[in-house]
Protein chains: 2
Amino acid sequence: MLVLKNIAQVVTLGVGPVPRCGTEMEELGIIPDGAVLIRGQRIAWVGPSSDLPLHQYGSNAGTIDGTGLELVALPGFVDSHTHPIFAGSRVDEYEMRCRGKSYQEISAAGGGIRASVRQLRQTSFGQLVRHGEKVFRQFLRHGTTTIEAKSGYGLSMEDELKILRVIERLRSRSRLEVVPTFLGAHAVPDEFRDSRHVYVEKLVKEMIPRVAREGLARFCDVFCDTGYFTVEEARTILTAARDHGLGLRIHAEELRHGGGARLAAEFGARSADHLEWVDDGDIAALRRAGTVATLLPGTAFNLGLTRYPPARALIEARVPVALATDFNPGSCFTPNLQLILSIACSQMSMTPAEAVTAATINGAYSLGLAERLGSIERGKQADIVLMSIPDYREIPYRLGVNHCVVAIKRGRVVLNLLERP
Amino acid sequence: MLVLKNIAQVVTLGVGPVPRCGTEMEELGIIPDGAVLIRGQRIAWVGPSSDLPLHQYGSNAGTIDGTGLELVALPGFVDSHTHPIFAGSRVDEYEMRCRGKSYQEISAAGGGIRASVRQLRQTSFGQLVRHGEKVFRQFLRHGTTTIEAKSGYGLSMEDELKILRVIERLRSRSRLEVVPTFLGAHAVPDEFRDSRHVYVEKLVKEMIPRVAREGLARFCDVFCDTGYFTVEEARTILTAARDHGLGLRIHAEELRHGGGARLAAEFGARSADHLEWVDDGDIAALRRAGTVATLLPGTAFNLGLTRYPPARALIEARVPVALATDFNPGSCFTPNLQLILSIACSQMSMTPAEAVTAATINGAYSLGLAERLGSIERGKQADIVLMSIPDYREIPYRLGVNHCVVAIKRGRVVLNLLERP
């Protein structure tokens, strides 16, 4: 038994429709001076501290008392788009971008995803696990208790399986919850640049069936954009993935308008990600399909682009919006969703409430986990983080500071900076 | 005696002209696998770890050994533009901006600086000191060992003196080094809105002389911009400040082009700050005057503006460029210069090396402290921070993560996260 009490705000996100669309994204269900009772892995009770039913639960429970501390409790962040398993650094490319090269120019010159592929193929399983452990700790440290984790820096049967097995190994060791996604269609590997149809066939006939058979991924994703996979290739890949029982996600409309969003809607994909270039017709199609728009504004920011996804238009059209980091070594090397909230508010005019909804319940929904995660409600898994601030809106407002001081995953305290002297 | 050794990179910024201009801003004087010897408050020796002259200094020195840790040593950041003493939060205004109101609209409606003035006037000296202590710890926690601290939320003799005395009290208590600046000309206070000349006269005849006489500030600053002080008013104020022996700084060309930069050049001000709207003529004038361009890109970012200061044009014209946070509760609530480096690189195309120079030696120069601070060289004050990364360029590259694990101020370890189990 664990009790949280005298918490300035408990942001429950409770008792609303799932996913949250339109104005529902601002309904946070905040309990001032709130309390939460946790039994085992589950939330047993949520309410005002003055109503704490301690007589029901006894007084020998572990307690985190926020008196005098100005703490806000939130559902642990769900980061629904990350690329956490890679080797080496691409800081040279970062510096080239500062000197005026574009992401596409660097990619065309052999950098970008292909540089990470070369590095990853030379890196052992054990090295990847050790690096991944550090990365996973960084997510937890910043208040994220669940991530979606994509493969995609292997681009061969052997190396993609290696990544997915690293993810599986890390899942079994880490306190962080992980949803694996197969992204063999992250780029056409160098060895198939003159025979890309052969790689697509490998994906469809060999890799997707094997990944599905071994249960190594819950979703399949495709980078459908100029310079990566065409709409037709993506359709072929998604069809195979669907036929093998994988959920669908798409990298769409990031670099230019190309049809990825419509394809996501056509397949009823769970999520269409990036979406800088969507138009009104795309937005209507996503709305009809019920596809989540997963926005990754840290990437546009970090690449120095001025075009961000049209968050306001998506919200007004009642497309469910999620926010994620896009954590990766090329275009956005941050595990910190708090910073993504700041970027979403200042660059996409999302409100702090919408941003919190997008990074919790809607992110969970995009992973098919909203029944269990993404809100602080009786019966749900006890994934809760405490931020050292008096008001949830201060997460984006006080930017560039990690406010997370406690993380609770499955009812267990996995980070506690309050205990320090 | 304190020894730092086996540090992956010691970024010395040594043996170059002060301030650094043009291509000099990229010369970091990096020593790979470096070491630093500190005796008392000073740096006694810097060089490769293999050359450590331990026979000279004995082996009973305290040691921080970076073997296996991937640490980078830098001069402690010098944050040369902050507003750290205020009361209360302006998170309501933050949310209004997310909903589409501009900073100027909020200011015209009684928000902005005037809101902070109302709050500060109702807050006691003791409360301000307690709040300030938390803020100062946040600067140190993120690798900043020296700040410039402006008054400017009092706007009356009594309340401006209160702020400057809070700063003086904090200076005597905190490990953070603080350079106080009088900013009575931050805005025209409400009670003088119909008689602004009376407030300017008070500044010139009463407040500046008193502040100078009591030694409460080293610099005087003026917010010279549309809606704040005109060029003529600023000239009157700066003349008085100069006559009373204060150094000069100006908030210039932030909201629109108005003449503040030329005024800074005319007075040979030590720093002209913001500069979003400078033109080529302004840049040439700053260059001739030797005035530092202190850029605050976190503010443009946080306000959701698309216009940033022209960092590249300033550097190419050999104006010395500094970077600072503008830490304040209205337009940029971050104490984290590491994030400002990320913003400078991605939004203003500064290179990581230029950004590090701007946040260390050039910031120190803008405060008249480059003889003592801003580089890791024999004889200088031992203000050094250690970042947990293998390469200095990863500070901006791995954005949104606080990499600082050790801070040393005046030869004393004031933060050490390496010691934790």
Side-chain angles (χ1 to χ4, degrees), chain A residues 26 89-100 134 138 141-142 298 300-306 308 312 325 327 329-330 332-340 342-355 388-402 420, chain B residues 89-100 134 138 141-142 298 300-308 312 325 327 329-330 332-340 342-355 388-402 420:
Chain A
E26 297 223 69
S89 163
R90 276 160 55 196
V91 71
D92 290 335
E93 293 182 14
Y94 182 82
E95 188 169 0
M96 287 164 73
R97 282 205 308 276
C98 296
R99 294 180 193 281
K134 287 185 199 169
Q138 284 286 315
R141 179 67 195 82
H142 291 86
F301 165 73
N302 189 58
L303 294 178
L305 309 178
T306 51
Y308 284 85
R312 291 252 57 85
T325 58
F327 180 83
C332 193
F333 201 160
T334 188
N336 182 356
L337 261 171
Q338 299 169 62
L339 178 65
I340 302 302
S342 293
I343 299 173
C345 290
S346 65
Q347 309 303 303
M348 301 198 300
S349 293
M350 288 177 70
T351 65
E354 289 167 345
S388 177
I389 41 171
D391 181 317
Y392 77 92
R393 298 174 301 171
E394 304 222 352
I395 299 172
Y397 169 56
R398 299 195 194 198
L399 70 159
V401 172
N402 180 6
R420 280 200 200 130
Chain B
S89 162
R90 275 160 54 196
V91 72
D92 290 335
E93 293 182 16
Y94 182 83
E95 188 169 1
M96 286 164 75
R97 283 205 308 276
C98 296
R99 295 181 191 280
K134 287 186 198 166
Q138 284 286 316
R141 180 68 196 83
H142 290 87
F301 165 73
N302 189 59
L303 295 178
L305 309 178
T306 52
R307 188 181 188 104
Y308 284 85
R312 290 253 55 84
T325 58
F327 179 83
C332 192
F333 201 160
T334 187
N336 183 354
L337 260 170
Q338 298 169 62
L339 177 66
I340 302 302
S342 293
I343 299 173
C345 290
S346 65
Q347 309 304 303
M348 301 198 299
S349 293
M350 287 178 71
T351 65
E354 290 168 343
S388 178
I389 41 172
D391 181 317
Y392 78 91
R393 298 173 300 171
E394 304 220 352
I395 299 172
Y397 169 56
R398 301 196 194 196
L399 69 160
V401 172
N402 181 6
R420 282 202 198 124

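Excluded from the calculations below are hydrogen atoms, water molecules and symmetry mates; all remaining heavy atoms, backbone and side chain alike, are included. Just so you know, these numbers come straight off a predicted model, no measurement behind them.
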Can you find a pair of side-chain heavy atoms, one from [X] and one from [Y], that are under 4.5 Å apart?
| X | Y | value |
| --- | --- | --- |
| B/Ser346 | A/Leu303 | no |
| B/Arg393 | A/Asp92 | yes |
| A/His142 | B/Val401 | yes |
| B/Leu339 | A/Leu339 | yes |

Check each atom of [X] against the heavy atoms of chain A and say whether the ones under 4.5 Å are side chain, backbone, both or neither.
| X | value |
| --- | --- |
| B/Gln138 | side chain |
| B/Gln347 | side chain |
| B/Arg99 | side chain |
| B/Ile340 | neither |
| B/Thr325 | neither |

Note to self: Is there a side chain to side chain contact (heavy atoms under 4.5 Å, CB included) between B/Asn402 and A/Asn402? Walk through the geometry before answering.
What the structure shows: CA-CA 8 Å; B/Asn402 181 6; A/Asn402 180 6; over 6 Å; no
Margin query: For B/Thr351 and A/Glu95, which I'm curious about, is there any donor-acceptor pair between the side chains at under 3.5 Å?
Written below: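 The criterion, which ignores hydrogens and geometry beyond distance, is not satisfied for A/Glu95 and B/Thr351.
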Item checked: With sequence neighbours excluded, residues passing side-chain contact (heavy atoms from CB on, under 4.5 Å) with B/Cys98 ->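 Expected list: A/Cys345, A/Pro352, B/Tyr94.
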Check: Who are the ring-ring contact (aromatic ring centres under 6.0 Å, His included) partners of B/Phe301, not counting sequence neighbours?
Finding: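 ring-ring contact (aromatic ring centres under 6.0 Å, His included) check on B/Phe301 returns A/Phe301.
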Checklist line | Check: A/Gly400 main-chain N/O paired with B/Asn336 side-chain donor or acceptor under 3.5 Å | finding: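 Yes.
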Note to self: Strictly distance-based, threshold 3.5 Å: is any side-chain N or O of B/Tyr397 a donor or acceptor partner for the main-chain N or O of A/Pro329?
What the structure shows: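 A pair under 3.5 Å: yes.
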Notebook entry, point to check: Considering only heavy atoms, which portion of A/Arg312 lies under 4.5 Å from any heavy atom of chain B: side chain, backbone, both, or neither?
Noted result: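 Neither the backbone nor the side chain of A/Arg312 comes within 4.5 Å of chain B.
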